[in-house]
Amino acid sequence: VDLMFKRCLYYFVCLAVCAEGKRCEGVATIDVSAYIDEGSSPESKLQVREEFDAAMRQFGMACIVNHGVEAHVIEEAEAAAKKFFEQNDEMKRRHGDPELYGPEGYTPRGVEAVARSMNETESKADAVENFVFIERPPLHPRERPERPLTGLEDWCPKARAYWDEMTRVLHVLLRIS
């Protein structure tokens with residue numbers, strides 16, 4: 001998977017795919033069902049492309065709906081992630097380097113600062129923590145002995161199901177854009 005694919009996956013999909021029936025406030029909501037349903041007309045696909053283009057120009061992102069991702073996949077991944085982030089800091093820090101942002105694993109609050117990527121080196125750190133999978137999550141933590149994800153037995157299969165669905169949606173978005 002190339003770097004552009006990973007960036008698209010992160011920016012366009014992980015942040016903007018909404019569970020069916022939900023809408024994002026303050027950004028455009030794009031219905032991509034014309035690209036999911038095989039019998040859709042060229043006109044309906046053109047409308048989606050135009051809406052997507054307008055959203056990217058105005059907001060830089062969009063809330064993607066009618067993407068075919070079953071709600072339980074999103075909900076289970078969110079619940080497993082919430083369970084991980086509700087742990088104490090000591091438990092979370094076992095899954096990453098507390099001084100670095102970028103490698104796979106956990107990054108605590110106070111490390112990441114988006115403004116620093118724009119050469120604003122004196123910027124304060126963002127009030128965010130995250131967990132990064134740099135490749136398709138394993139079904140079980142022991143599948144990666146070089147980078148064990150011990151304690152994430154519940155999260156790994158849910159993260160993998162979500163990853164697979166987001167990859168499918170990303171391919172839809174790449175066809176649209």
Side-chain angles (χ1 to χ4, degrees), residues 1-19 22-30 52 55-65 67 69 73-138 140-141 143-167 169-170 173-174 177:
V1 178
D2 67 24
L3 183 59
M4 180 55 101
F5 183 84
K6 288 180 186 176
R7 285 186 181 147
C8 288
L9 181 65
Y10 179 76
Y11 289 109
F12 290 113
V13 183
C14 293
L15 295 177
V17 171
C18 300
K22 292 184 180 179
R23 296 292 186 258
C24 299
E25 297 295 323
V27 297
T29 298
I30 308 296
F52 187 81
M56 293 303 111
R57 289 175 190 271
Q58 183 175 358
F59 302 108
M61 67 174 290
C63 179
I64 307 301
V65 297
H67 40 65
V69 179
V73 172
I74 296 170
E75 292 162 1
E76 289 173 6
E78 286 178 353
K82 183 177 181 187
K83 184 177 174 182
F84 173 81
F85 286 107
E86 286 175 343
Q87 295 181 98
N88 64 48
D89 287 342
E90 181 183 333
M91 294 298 289
K92 292 183 284 191
R93 287 178 190 266
R94 292 180 184 177
H95 297 286
D97 185 331
E99 303 301 317
L100 296 175
Y101 170 74
E104 181 170 66
Y106 174 71
T107 302
R109 285 183 186 90
V111 174
E112 180 180 6
V114 173
R116 290 184 201 144
S117 66
M118 299 181 295
N119 295 324
E120 296 179 26
T121 57
E122 301 301 317
S123 297
K124 288 176 43 177
D126 300 332
V128 64
E129 62 182 344
N130 62 58
F131 192 101
V132 174
F133 287 101
I134 60 170
E135 60 187 359
R136 187 177 188 216
H140 192 278
E143 285 182 29
R144 286 201 200 145
E146 73 284 0
R147 290 190 324 267
L149 299 171
T150 308
L152 303 180
E153 289 79 8
D154 185 51
W155 191 7
C156 284
K158 292 171 176 72
R160 183 176 181 145
Y162 182 78
W163 177 286
D164 290 347
E165 285 298 301
M166 294 303 103
T167 300
V169 172
L170 173 61
L173 295 178
L174 290 174
S177 63

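Everything quoted here is computed from the prediction, not taken from an experiment. We count residues from 1, following the sequence as given.
- The shortest heavy-atom contact between Ile30 and Ala62 is CG1-CB, 3.6 Å.
- The residues Glu90 and Arg94 are annotated as salt-bridged, a charged nitrogen and a carboxylate oxygen being separated by less than 4.0 angstrom.
- Using bins of under 30°, 30° to 60° and over 60° for the plane-to-plane angle, the ring pair Trp155/Phe84 lands in the tilted bin.
- We find the NE2-CD distance between His95 and Gln87 to be 6.5 Å, quoted to the nearest 0.5 Å.
- Cys156 and Pro138 get closest at one heavy-atom pair: CB-O, 3.1 Å.
- The line from CD1 of Ile74 to CD of Glu165 is 8.5 Å long, rounded to the nearest 0.5 Å.
- Rounding to the nearest 0.5 angstrom, the gap separating the NE2 atom in His140 from the CG atom in Leu152 is 10.0 Å.
- To the nearest 0.5 angstrom, Lys92 atom NZ is 4.0 Å from Tyr106 atom OH.
- Note that OG1 of Thr107 is 10.0 Å distant from CZ of Arg93, once rounded to the nearest 0.5 Å.
- Annotation: the span from Arg160 atom CZ to Glu135 atom CD amounts to 10.0 Å, rounded to 0.5 Å.
- The two residues Ala80 and Asp154 come nearest to each other via the heavy atoms CB-OD2, 4.3 Å.
- Shortest non-hydrogen contact noted between Ala77 and Tyr162 is CB-CB, 3.7 Å.
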